[in-house]
Asks: 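Structure provided below as structure tokens; questions to follow.
Just so you know, these numbers come straight off a predicted model, no measurement behind them. In each ligand, atom 1 is the first atom listed, and ligand 1 is the first ligand listed. We're numbering straight along the sequence, starting at 1.
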Amino acid sequence: MPIVWSAESQTFHLRNDRISYILRVLEHGALGQLYFGGALSEARSYAHLLRREFVGFSNRLGEPVPLEYPTPGSGDYRVPALVVEQADGSRVLDLRYASHRVFSGKPALTNLPSTYVEGYGEADTLEILLADVAADLEVRLYYTIFNDRPAIARHARIRNVGHSRLTIHCAMSVSLDLPDSDWEMLQLSGAWARERHLVVRPLQPGSASIGSLRGASSHHQNPFVALKRPSATEEAGEVYGFSLVYSGNFLAEAEVEPFGTSRVRLGIHPEGFLWALEPGSEFVTPEAIAAYSDAGLGGLTDAFASLFRDRLARGVWRNQPRPVLINNWEGTYFDFDEEKLLAIATSAKELGMELFVLDDGWFGQRDDDTTSLGDWVVNRAKLPDGLDGLARKVEALGMRFGLWIEPEMISRRSQLFSDHADWAVGVPSRARTEGRSQYVLDMSRHEVVDHLYNVLSEILGRSSISYVKWDMNRNITEPFSASLPADRQGEFMHRYILGVYELYERLTRAFPNILFESCAGGGGRFDPGMLAYAPQAWTSDDTDAIERLKIQWGTSLAYPISSMAAHVSAVPNHQVGRIVPLQTRAAVAFFGVLGYELDPTTLTDDDRALVADQVKYYKARREVFQGGRFLRLRSPFEGDGNETAWMTVSADRKRGVVGHYRVLNRPHPGPARLKLRGLDPAASYRVSVWPAGDDPIATANTGVRGGDELMKVGLVVSSEDPWDSRDRGDFGARLFDLEAEETSRRRTRP
Ligand code: DGJ
């Protein structure tokens with residue numbers, strides 16, 4: 001039984017073969033937290049694990065222990081999970097256990113994205129009801145333990161059962177206390193064009209936090225943190241991971257109190273947030289996933305990647321091979337007409353690409369980024385036969401057709417703004433701040449969501465559209481909604497995201513066969529909330545292969561590679577001006593959902609031949625690249641960052657591809673061997689090298705090698721002779737293709 005309640009010891013033990021999570025109803029009724037970590041035997045009692053923590057204090061309940069959903073005002077001075085203001089202005093709460101139930105399966109969250117199960121047998125859920133009678137408040141905590149994953153999904157429902165309004169100021173999705181502070185906090189931080197770089201810092205007394213107040217999860221921080229033991233590596237050591245299935249303002253915080261324990265909390269950012277809870281109404285927090293691995297960061301990645309790929313992403317595209325696309329953005333920007341687009345599509349088709357994506361600039365008067373957002377009417381000067389005409393012509397070439405949209409935005413220079421200026425987010429008495437010459441639509445208003453649904457479903461329904469890139473190019477300023485009363489403006493940011501989710505939900509339901517890709521000026525909203533609707537996301541506007549090494553490495557910590565769109569673009573690169581060989585650009589973009597973002601009609605014949613070969617190579621291994629187990633081998637964040645290596649392996653371990661990259665070519669370039677992981681030690685793998693060649697490294701590796709040898713001795717990645725590298729130049733890449741040889745079947749006697 002994955003969830004066991006012992007009335008005798010008053011403990012809950014949520015357990016599978018990988019993890020245990022243990023809670024206890026304390027003497028005075030509060031819910032205490034005893035343990036989360038590697039699986040413990042179900043036969044024993046763990047009630048004695050109660051930790052007495054607040055030296056010099058006992059809390060008002062007489063229970064100086066970690067509380068499961070801590071509240072302020074009771075002697076626990078650490079960061080709370082829940083803050084609720086009551087009619088008398090008090091924020092003191094005593095939540096006490098009232099009842100619980102256990103059921104098979106997993107509940108969906110009202111109006112919020114969440115992980116799910118496909119059969120009752122996949123997971124069990126514990127619902128615990130806590131109540132504060134004096135505050136007329138009920139809190140239901142939900143814990144879903146997946147049978148075969150080292151992860152627990154949590155959320156809370158907070159209900160007003162009285163007759164006066166309650167105001168929620170903070171409602172976290174998860175709070176977890178750990179008995180020591182010997183941890184490093186790992187976060188994915190960056191900015192536009194360098195998203196999700198790995199940042200690691202030791203925990204110290206006091207608090208360390210990341211978050212977003214931009215109305216989107218942001219380029220700057222990602223709603224994911226891990227706590228790792230300082231000695232933990234990719235392969236070994238204890239690591240906890242916390243991920244929020246949410247796309248708006250969030251806070252992730254780790255606090256170390258003076259006696260050395262740590263508390264982690266993750267949820268909607270309390271800054272600027274409030275929720276007026278009217279009598280009888282309920283607030284639902286987003287879902288958080290808490291995972292534990294004793295197999296290092298790699299184990300954590302396995303847990304998040306498979307959960308998000310298989311039980312967060314939804315729809316027909318979840319496990320289907322994703323098409324290799326050509327996107328015209330960097331090829332043409334706004335300067336295109338039908339003839340130019342069809343030339344690009346024709347050329348791309350000849351190179352083996354499968355989907356043509358028309359990016360920004362097809363509507364209204366949009367010849368630059370200052371106008372027309374909101375006017376989703378095709379520009380006939382550019383596309384005389386409309387979108388349907390263009391889609392038909394693209395399909396006649398044997399390609400699918402995809403379209404860029406940016407639904408949440410409105411340009412000041414647009415018909416929509418002339419008609420509905422009040423739909424733009426802003427405080428009526430103040431000027432609105434422009435970002436990329438545009439304003440944000442008030443997605444908290446139902447009429448705005450309805451309008452967008454009607455306009456977009458008309459476009460998607462009328463033309464043959466197989467793919468949608470849903471962009472979002474600025475963050476919210478002057479947060480305020482004309483539809484909310486003064487005392488509820490603190491709800492706006494959350495209501496905005498609920499409106500975005502509603503539009504996504506309605507459109508993905510109405511158009512189940514369309515592949516949605518989320519985007520926010522590149523990777524500004526690359527989060528689990530978006531993944532629930534769009535199984536892939538534009539990883540970053542930075543398409544430079546060398547910059548992408550760090551971006552894709554960091555992203556891979558918490559997301560499946562099937563979610564990372566990765567494009568080969570022209571050189572000099574449009575973001576950093578670097579000139580990287582075409583093969584290296586492809587060798588990086590292969591590890592994700594491959595696309596091209598250039599004008600293929602301008603390629604030389606030699607480059608066309610290379611691209612055709614790249615597309616063929618990728619398609620032949622598409623399932624390994626998009627759906628394989630991703631393992632990080634050599635980090636661009638370690639040492640001088642000159643080398644990166646990673647690999648992906650099919651579920652049956654029969655196929656794999658290793659990528660090895662070197663930024664600067666050096667005469668003595670570093671370790672000669674690269675040890676692989678995740679292979680079948682007993683299997684024999686045929687190793688081949690891409691791009692093919694007969695240089696010393698290709699020669700040294702080509703042939704049949706045992707899985708054990710590849711993992712214990714490794715591939716040769718540097719030649720011992722410094723002269724061997726002189727012809728290669730900087731920004732080199734090499735892929736090693738692994739294919740298990742069929743073992744000859746033993747004959748069995750009849
Ligand atoms: C930002 C996106 O990240 C780009 O790929 C492109 O779609 C532009 N917006 C278009 O405006």
Asks: At a 4.0 angstrom heavy-atom cut-off, what protein residues surround ligand 1?
Replies: W329, D359, D360, W404, R436, K469, D471, N473, C519, G521, G522, W538, D541
Asks: Hey, what do you get for CE (M564) to CZ (R548), rounding to the nearest 0.5 Å?
Replies: 9.0 Å
Asks: Residues in side-chain hydrogen bond (donor to acceptor under 3.5 Å, both in side chains) with S218, at least two apart?
Replies: none
Asks: Does the structure place the NZ or CZ of R196 under 6.0 Å from the centre of the six-membered ring of F526, at an angle of no more than 45° from the ring's axis?
Replies: yes
Asks: Is it true that the side chains of Y496 and S481 contain a donor and an acceptor less than 3.5 Å apart?
Replies: no
Asks: Distance from R366 atom CZ to S414 atom OG, nearest 0.5 Å?
Replies: 10.5 Å
Asks: Before we go on, tell me: are the rings of W553 and Y661 under 6.0 Å apart, centre to centre?
Replies: no
